[in-house]
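Okay, structure first, notes after.
Bear in mind the structure is a predicted one, so any value in this text is a computation, not a measurement. Side chains are part of it too, since the values below use all heavy atoms of this structure and drop only hydrogens, waters and symmetry mates. Note on naming: letters A, B, ... go to the chains in the order of the sequence lines (proteins, then strands), and numbering restarts at 1 for each one.
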Amino acid sequence: KQEVTQIPAALSVPEGENLVLNCSFTDSAIYNLQWFRQDPGKGLTSLLLIQSSQREQTSGRLNASLDKSSGRSTLYIAASQPGDSATYLCAVSLTYKLSFGAGTTVTVRA
Amino acid sequence: DAGVIQSPRHEVTEMGQEVTLRCKPISGHDYLFWYRQTMMRGLELLIYFNNNVPIDDSGMPEDRFSAKMPNASFSTLKIQPSEPRDSAVYFCASSPRQGLNTEAFFGQGTRLTVV
């Protein structure tokens, strides 16, 4: 069974600092890895998708890396802003099924 | 496209009552998924459909739960009878296809409270 772990569970940083969020998974036979953002009381917004053959994906201030052999992914958010405060979830895809981590709740202090 | 649309956004019901959650996937998406999110268990896949056909319902917790997809633009998740432990946020998601580049798009969720 695929286990997905996200550390830390919560993170608080001052505005402008770079964020580093970690995700690890136990089964490396994945199709892709997806990072989501969830605001309180809201749905999940897809941020980045990395295919299993890729090493990283970038979108604006966001960069996600994938090391499939070691079962790790890292989401970097550059120059954090208060609007980046949310819970960030990673999910790995094995065929149709997404297995989610518990998330990292980020607070960016103004 | 308006994205995945779920209704209602909030539902409060009494134990024993029937609850029906609704979902409209993104037009053209072949796959539809129902997930449940709780503090204790996080996000769990309940069931998914491909071209309106249920493919895997192994995540449905009990026979009290049922899901249908009568056409490509509509799906329901029904709980009958409801119990307090069913209280959770239920998400619907859709995806255009399986494979390496399959991105899942989620609705806003339905927050269900059973009292």
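Residue Asp56(B) touches chain A through its side chain alone, counting heavy-atom pairs closer than 4.5 Å. Contacts between Gln54(A) and chain B at a heavy-atom distance below 4.5 Å are absent for every atom of the residue. At a 4.5 Å heavy-atom cutoff, Arg41(B) makes no contact with chain A through either its backbone or its side chain. Within the 4.5 angstrom heavy-atom criterion, only side-chain atoms of Gln37(B), from C-beta onward, approach chain A.
Few gaps surround CD on Glu62(B); more than 12 heavy atoms of other groups in view lie less than 6.0 Å from it. The neighbour count for Arg72(A) CZ, taken as heavy atoms of other residues, nucleotides or ligands under 6.0 Å away, does not exceed 12. A 6.0 Å sphere centred on CG of Asn71(B) holds more than 12 heavy atoms belonging to other residues, nucleotides or ligands.
Put simply, the residue from Tyr48(B), Tyr35(B), Phe33(B) that forms a side-chain contact (heavy atoms from CB on, under 4.5 Å) with Leu98(A) is Tyr35(B).
To the nearest 0.5 Å, the span separating NZ on Lys97(A) from CD1 on Ile55(B) amounts to 15.0 Å.
Using a 4.5 Å cut-off between side-chain heavy atoms of Ile, Leu, Val, Met, Phe, Trp and Tyr, with links allowed through other members, Ile77(A) and Leu33(A) fall into the same hydrophobic cluster. In the hydrophobic clustering of ILVMFWY residues, with side-chain heavy atoms under 4.5 Å counting as a link, Ile5(B) and Phe106(B) come out apart. Taking hydrophobic clusters as Ile, Leu, Val, Met, Phe, Trp and Tyr residues chained together by side-chain heavy-atom distances below 4.5 Å, Ile7(A) does not share a cluster with Val106(A). There is no path of hydrophobic side-chain contacts, each under 4.5 Å, that joins Phe105(B) to Ile47(B).
Counting only distance, with no hydrogens or angles, the side chain of Gln108(B) and the backbone of Lys42(A) share no donor-acceptor pair below 3.5 Å.
Annotation for Glu103(B) and Ser46(A): closest pair OE2-OG, 2.7 Å, computed over non-hydrogen atoms. The nearest pair of heavy atoms linking Phe91(B) to Leu44(A) is CZ-CD1, 4.0 Å.
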